Amino acid sequence: MAPRQVPPPITTFERHDINGSGNQQKETKLDLGQFSQRFLTIKNEIGRAILGQDELVEQVLLAILAKGHVLIEGAPGLGKTLLVRVLGQVLGCAFKRIQFTPDLMPSDVTGGNVWNQQKNAFDFNAGPVFTQLLLADEVNRAPAKTQSALLEAMQEMTVTVDGTTRPLARPFFVIATQNPLESQGTYPLPEAQLDRFLMKLHVGHPTKDIEKAIIAGHLAGFDATNLERMGLQTVATPALLGELQQALSAVRVDDEILGYVTDIVGRTRAHRSLTFGASPRASLALTFVARARAASVGRAFVIPDDIKSMALPILRHRVGLHPDAEIEGMTTDDCIDEILRDTRVPQNVV
Amino acid sequence: MIAAVLLVAAAMAAKTPEVVKVPDTKSAETPTAKAALSPADALSKTLGDKRYTFCHDKHYPLSDREGKWCDLVKGQPSACKALQKNCESAGTGGRQFDIRRPKSFDLPNLGGLFSAFFWGVTFAAAATVLVLLVRALLLAKRKRPVLDDIPTPITPGISPSRVAVESDFERLLARAQGAIASGRFNEAVFDLHAAALRSLEGPHLVSVHRSKTNGDYVRELRSNAPELVPALKPIVAATETVQFGGYEADESTCQTLLESVRSLGRQSMARITAFFLVPLCLSLSACGGMRDNWDHSPSGLEGVIHYLHEAGLEVKEKLTSLEKIDANTTQLVLLADAQVSEAEWAGIGLWLQEGGRLILAPGPESLPTWLPFQVTALDGDEVQPQVLKVGTTFEERFGKLRVAVPVAGRLKSTETEHRDPLLLAGAEPYGHELVTNDDAEVVVFADDALFRNAALAVPDNALFLHKLLSDMEGGIDIVGPLHGMVSQSPAQSIGRGKLAPFVLQLTLFLLVFYAAKGIMFNRPRAPVIGHRRRFVEHVRAIATLYQRGKAYDHALTVLGAFTTERLRDRFRLGGQGGIGRLAEHISARTGDGVGESARLLMEIEEPIDPVDAPISRGKSTEARTERNRSLEGKAQAVTRLHTLLTASAGRGAETSPATNHNVRTP
């Protein structure tokens, strides 16, 4: 690769019609400065409704930009559903929600063919999966059969019913939630499906001050069911999201960074407390999210800090904890932390 | 280690034979070899010495007791002008603080065994320190590898400077400058980055580690020294741009970074300096203002000794025992707080019989019965500055002097015979001079004010002292509160420092710790598990392993065998009858046919799939479905028998693992 001179030139990208008015695309330029500005605008707008969850909001946005799906784990009442509703509103995406229950059938997710007597033919009734932003609430309450109905949608962006494959709208994101407190009557997600999620995020309880601010907001008239009332702006469009996703391809990933990624992921396969390590899909996910993180701050290249800071949410659900370690009270987060502490960062200092 | 250090310190503080404190004059000449000055000149010279700061600094902070001298020096001729100005400006109020006087301690008698033990430990600790020092010196002398000694790498394309990791700030900076000069700008950026981090590592603002990213360093610095973050960020950004962005650095970038790193280095150095200087300054200063040491303060003794020394008298402060007084000592001055033992009083008595003179000013709190005086100390407001009058009997000897002191004691004679006092404070006697019935020549004062440095601020006080002490030849020993403070042994030092309880506790703790830990003391060892794992935890762990290994059939077989055996025990069949007898008993209790019961028992014993043939490998969908169906049947059979077992035990139905939602059949 030919070396370039500091300071770097502004990276430019092809820009499409953000109004989504048709197939005709205007050739416009979008640099990383604009990328980071848009990212910040979206993040700030979401932050108006979601208090004290800046890191969660940022990671969800990075996952969306990296074309990934997110599994959010947290106790009830921490604003998981509100986050997805706000995302739908701010990103201008169609939003649907499925409450997963033990009796939920696959056709309740995908939809199905219904006999139309007038036409004397089957009509397809599209299920809630035909949307752009899908909230799969308490996804582990439905049996594996129903959970797997999401697999095709998440991976292939298509839905096949009775042999007919239908494409989903773009962009398409699944944000699934699960409650870690209850295990009775739940169906843990199989490893194959967990791997489909780009990130697994934990939602923590807010601090005392944030909780006071939340209460004050509700006392002042905040209504989670009526987001328009609080003046939440739609600051993006599906087309703009696609454009931002496309812009990531210009972010440079150095060979040393790739070495760092493979070091980390490789160590998960040899860790004594892990029964199985992360797959190459994890390496890809880590690299793509790191690119999104770099672009979100207007940087045209990935640095080790991007990788290290995103390793936990990307790897924690892709590794299996050894039963002995589980009994000893360890978690996959502990193992990944240990791996990060042992892995050498590419640098010239030590 | 702490104990060892304390013991070494104590040993160093232990007494060397016959240590005496001599006046700290700048000249090395002996008094006899030096021409004596007149009292006035000696006084001027003494108070002209800059060490007596209270006579040179008009802002010198005075204690309450020292402030009592102000009324006596104001408006009077004095060689201590600064003290007069200090008194005029601040009076007795303002910047004054109490001063703690040196105190003496009672010695605990630890006995010969403890003394031997402490001496042993002291020598061992000293030897250890010596060995460590020698080893450290030897190691330091060994030739350390330097960059110049590292051979040029054979690998083409790799610069020699990149082979070894340099951690010294100055060398990194020099290397960066060399790289800039030779046009290797990228390498210069890397070296400057390393130099910046190393400069921050010195004052412990960041800790460099192979697993840390630049973001980690910036966050660490933000928590320790946020003001330095703006200086580090551009260095980090430039380094990452070059290293990961694929850009080439140029000279101007390098020069800018060089300045930033130098600035960062200076700030770090300032922090290191402050780190060491602040505690030093705090230790040297006292709250409320700076004061010189006790000996040169108005309450000290050094000035009086210095003055008498300059005036031709052989004076020294005696710190050692009074049981044996030097042969050339003719006068002995005992100040307040001087600790004198009975043996020492006996020694003083013998010395007095040989013609010595004892001056009590006012001496120890309790005087021997052969001294016909009683002295009562006054405190606080009772201490009043007064001009003393020389007794009529002594006027011819001393002349008309204006002796003035803050009177801090009341002197009372126990003699029936009236005696003309040496000095009078109003109508009360302040000083007496007499010869006792045992022919002992004794002078006594109501307090020790005349022997304090501040007394020299009143010129006639100095003259009176000189006249009093110069009428006898020989040496003068002054015994103050420091007398008896010199230790004869480390154990004594520890006792004087009130460290005996601490050292004993530490020793006891070490012994207990050693006894508890045995030979593993001070060595890393695995933590001892306080309790055995509960049975249910074992079962859960095994169940988890089975679940992970998808060994559902094996788990069901084991549980079925367990259930069958327990049923045989419950029905008291022992090992007789085989499946048929057991099936009859089950049939009698469940109402099922004997054949059905026998089928259940056979089903739970029959393996469904070989252990070494995982279901996920090389199996058709039909075979997998068939296997799952068999597993479900087996699980139901085990559940039914297990329910019968728990019901027959009269404990009600227990939840079978096979019915638990967490244990799913495939």
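Naming: A, B, ... by sequence-line order, numbering from 1 per chain. As a basis for the values below, the full set of heavy atoms in this structure was taken, side chains included, without hydrogen atoms, waters or symmetry mates. It should be emphasised that the depicted structure is a prediction, and the values quoted were computed from it without experimental measurement.
- The shortest heavy-atom contact between Asp216(B) and Asp305(A) is N-OD1, 4.1 Å.
- Only the backbone of Leu321(A) comes within less than 4.5 Å of a heavy atom in chain B; its side chain stays farther off.
- The CD atom of Gln347(A) lies 6.5 Å from the NE2 atom of His193(B); values are rounded to the nearest 0.5 Å.
- Rounded to the nearest 0.5 Å, atoms CD (Glu240(B)) and CZ (Arg299(A)) are 6.5 Å apart.
- Only the side chain of Tyr217(B) comes within contact range of chain A, with heavy atoms under 4.5 Å apart.
- Counting heavy-atom pairs under 4.5 Å between each of Ala237(B), Ser252(B), Ala238(B), Gly215(B) and chain A puts Gly215(B) at the top.
- A pairwise comparison of heavy atoms in Asp342(A) and Arg210(B) identifies O-NH1, 2.9 Å as the closest pair.
- For His209(B) against Arg341(A), the heavy-atom pair with the smallest separation is CE1-O, 3.7 Å.
- Neither the backbone nor the side chain of Asp306(A) comes within less than 4.5 Å of any heavy atom in chain B.
- Considering only heavy atoms from C-beta on, Gln243(B) stays 4.5 Å or farther from Phe301(A) through its side chain.
- In this structure, chain B has a heavy atom under 4.5 Å from the side chain of Glu256(A), while its backbone stays farther away.
- Contact of the Ser211(B) side chain with the Thr343(A) side chain is not registered, since no non-hydrogen atoms from C-beta on lie closer than 4.5 Å.
- For the pair Val302(A) and Phe244(B), the minimum side-chain heavy-atom distance is 4.5 Å or more.
- When the shell of 6.0 Å around CD of Glu55(A) is examined, it contains 12 or fewer heavy atoms from other residues, nucleotides or ligands.
- The nearest pair of heavy atoms linking Pro323(A) to Thr544(B) is CB-CG2, 4.0 Å.
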